[in-house]
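Data first, discussion second: the structure below is written as structure tokens.
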Amino acid sequence: MTSAPGGRNRPRRSDLSARLPLRLRRHAPAWAAQRPTWREARPALISGLSKRALARPAGNWFVVGASRDVPADRPLARTVAGQEVVLWRDAEGTLVGGPGICPHLGAPLREGPVRCGTLMCRWHGLALDGTARAGWQPYPVHDDGILVWVRLDEAGGEDPLPAPLVPPRPGTGGALDAVHVAFGTCEPEDVVANRLDPWHGAWFHPYSFVDLTVVSVPDPGREDGEDALVVDVAFKVTGRLVVPVRAEFTAPGPRTVVMRITEGEGRGSVVETHATPLGTDGRGRPRTAVVEAVVAVSERRGFALARGAAPVVRHLMRAASGRLWRDDLAYAERRWELRSTGRFPG
């Protein structure tokens, strides 16, 4: 401590920095005056990183949605890779699931209620408890505590794995998580390519990111080399107040990109972005769901208060993800549009 005028003690700047994650940007360039990043964001590099991710196995597992979206009284339904899928919880609360088409006369099982762990078809009352019955066969499903997954071997076409390759996460006991789901007209590879292009952050999302620098880039031609894109970036709070961090982007699977904060406020927090193919729309265009899970941790005492107000904080976290993905889906959709018509310059 140093002595302030009047004999009072004043904290050292290093002490304040340790307690406060905020920084004041004293020389903040205007959006148009910031350093261009287009030369660094080489199309061949982004394409190479994306192709390496797409070549990795997933064991035929697809993310369907959030664990919280599967309550006890109704199913979660989604079309995944062109197949109608329905998930619900049995009498013990265990996740079960299978085809979303009733084997009797084709009723949509997504409309049926769940009673004591049994999904009831609304057309004729066929009762499904998650085991095989009347021609209905269950799918392998998995609940990792934040997201729910389904294994579709025919759609995936890979050697099946007994469980999905869930990326490492901070312990859920001291973490706060939120899941945002968005839908776009593109393919999963367009979502993956968007996430493996961190260079667009401060230009395309100036309301959230400033002072972005890509510190290191992996060699997409080396499978045994360093895999992470390392980025220094500041999250914008308000005005000139920011929170600087270092983050790593990795792609552990063909439809997943993970951002992990390695230094700075929230160290250990992760953002998992999963791209799930849905099928095609009425015009034959591909549709993709983006399921993004944010798992936040902090050693600061105030974070306990945030966990205490979890419903409100989750709403704010989902809103922040939603704003980013309104832009990023426009990026992914534009990329698919140009690819599908042979006009994509990358």
Side-chain angles (χ1 to χ4, degrees), residues 17 20-47 49-50 178 180 182-186 190-217 228-251 257-267 269-271 273 275 290 292 294 296 313 315-339 343-346:
S17 298
L20 300 175
L22 297 177
R23 300 291 183 273
L24 179 66
R25 298 176 76 219
R26 300 185 182 279
H27 305 287
W31 177 83
Q34 64 182 320
R35 182 179 60 83
T37 56
W38 65 272
R39 289 184 177 87
E40 300 167 44
R42 303 191 307 275
L45 172 60
I46 297 171
S47 176
L49 294 174
S50 301
H180 173 72
F183 304 91
T185 302
C186 60
D190 301 299
V191 174
V192 171
N194 168 269
R195 294 298 283 160
L196 293 178
D197 170 19
W199 294 275
H200 76 268
W203 282 98
F204 205 35
H205 309 296
Y207 49 83
S208 289
F209 306 118
V210 293
D211 302 333
L212 188 149
T213 300
V214 177
V215 178
S216 66
V217 179
L229 275 160
V230 181
V231 176
D232 285 343
V233 64
F235 293 101
K236 193 171 182 179
V237 178
T238 181
R240 292 175 179 265
L241 289 176
V242 299
V243 178
V245 302
R246 172 163 288 187
E248 293 184 351
F249 290 78
T250 58
V257 178
V258 178
M259 185 198 78
R260 186 180 309 276
I261 295 178
T262 58
E263 296 181 25
E265 177 63 18
R267 183 167 57 92
S269 300
V270 299
V271 178
T273 304
V290 175
E292 185 162 274
V294 180
V313 177
H315 174 75
L316 296 174
M317 292 166 69
R318 287 193 296 267
S321 292
R323 186 178 186 185
L324 288 169
W325 275 107
R326 279 193 293 273
D327 288 343
D328 280 337
L329 273 173
Y331 175 126
E333 289 179 332
R334 174 69 171 175
R335 187 179 187 276
W336 175 81
E337 178 187 1
L338 294 178
R339 284 197 308 108
R343 295 179 291 152
F344 183 60

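In this chain, numbering begins with 1 at the start of the sequence shown.
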(request) Report yes or no: do Thr262 and Glu248 form a side-chain donor-acceptor pair below 3.5 Å? (result)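 Side chains of Thr262 and Glu248: no pair found under 3.5 Å.
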
(request) Consider only side-chain N and O atoms of Asp197 and Tyr331, and report whether a donor and an acceptor are under 3.5 Å apart. (result)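 There is such a pair (donor and acceptor under 3.5 Å, judged by atom type) between the side chains of Asp197 and Tyr331.
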
(request) Determine which pairs satisfy salt bridge (charged side-chain N to carboxylate O under 4.0 Å, His left out) with at least one residue from residues 33-45, sequence neighbours left out, and list them in order. (result)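 Residue pairs passing salt bridge (charged side-chain N to carboxylate O under 4.0 Å, His left out), neighbours aside: Arg35-Glu40.
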
Which atoms form the tightest heavy-atom contact between [X] and [Y], and what is the distance?
| X | Y | result |
| --- | --- | --- |
| Gly184 | Leu329 | CA-CD2, 3.9 Å |
| Leu196 | Leu229 | O-CD1, 3.7 Å |
| Ala296 | Ser269 | CA-OG, 3.4 Å |
| Lys236 | Pro206 | CD-O, 3.6 Å |
| Ser321 | Val294 | OG-CG2, 3.8 Å |
| Glu292 | Trp325 | OE1-NE1, 2.9 Å |

Check whether any side-chain N or O of [X] sits under 3.5 Å from a backbone N or O of [Y] as a donor-acceptor pair, and report yes or no.
| X | Y | answer |
| --- | --- | --- |
| Arg260 | Val270 | no |
| Glu333 | Thr185 | yes |
| Ser47 | Pro43 | no |
| His205 | Ala202 | no |

(request) Check whether NZ of the Lys or CZ of the Arg Arg323 lies under 6.0 Å from the centre of the six-membered ring of Tyr207 and within 45 degrees of that ring's axis. (result) yes

With rounding to the nearest 0.5 Å, note down the distance linking [atom1] in [X] to [atom2] in [Y].
| X | Y | atom1 | atom2 | result |
| --- | --- | --- | --- | --- |
| Thr250 | Arg195 | OG1 | CZ | 10.5 Å |
| Leu241 | Leu24 | CG | CG | 6.0 Å |
| Phe235 | Asp211 | CZ | CG | 12.5 Å |

Taking the side chain as every heavy atom from C-beta outward, state whether [X] and [Y] have any atom pair closer than 4.5 Å.
| X | Y | answer |
| --- | --- | --- |
| Val242 | Leu22 | no |
| Leu212 | Asp232 | no |
| Trp199 | Val217 | yes |
| Val231 | Phe209 | no |

(request) Would you please classify the geometry between the Trp31 ring and the Trp203 ring as parallel, tilted or perpendicular, with 30° and 60° separating the classes? (result)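 The rings of Trp203 and Trp31 stand perpendicular, inter-plane angle above 60°.
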
(request) State which residues pass ring-ring contact (aromatic ring centres under 6.0 Å, His included) with Trp38; sequence neighbours excluded, sorted by chain then number. (result) none

(request) I would like to know whether Arg343 and Glu337 meet side chain to side chain contact (heavy atoms under 4.5 Å, CB included); could you show each step before the answer? (result) CA-CA 8 Å; Arg343 295 179 291 152; Glu337 178 187 1; 3.7 Å; yes

(message) Between Asp190 and Arg339 (salt bridge meaning N to carboxylate O under 4.0 Å), is one present in this structure?
(response) yes

(request) Please step through side chain to side chain contact (heavy atoms under 4.5 Å, CB included) for the pair Val230 and Val214, ending with a clear verdict. (result) CA-CA 6 Å; Val230 181; Val214 177; over 6 Å; no

(message) Checking His200 against Thr37 for the side chain to side chain contact (heavy atoms under 4.5 Å, CB included) test, could you report, in this order, the C-alpha distance in whole Å, the side-chain angles of both residues, the deciding distance, and whether it holds?
(response) CA-CA 7 Å; His200 76 268; Thr37 56; over 6 Å; no

(request) Show your working on side chain to side chain contact (heavy atoms under 4.5 Å, CB included) between Arg335 and Asn194 and close with a plain yes or no. (result) CA-CA 9 Å; Arg335 187 179 187 276; Asn194 168 269; over 6 Å; no

(message) Among residues at least two apart in sequence or on other chains, which ones pass salt bridge (charged side-chain N to carboxylate O under 4.0 Å, His left out) with Arg267?
(response)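 For Arg267, the residues satisfying salt bridge (charged side-chain N to carboxylate O under 4.0 Å, His left out) (neighbours in sequence not counted) are Glu299.
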
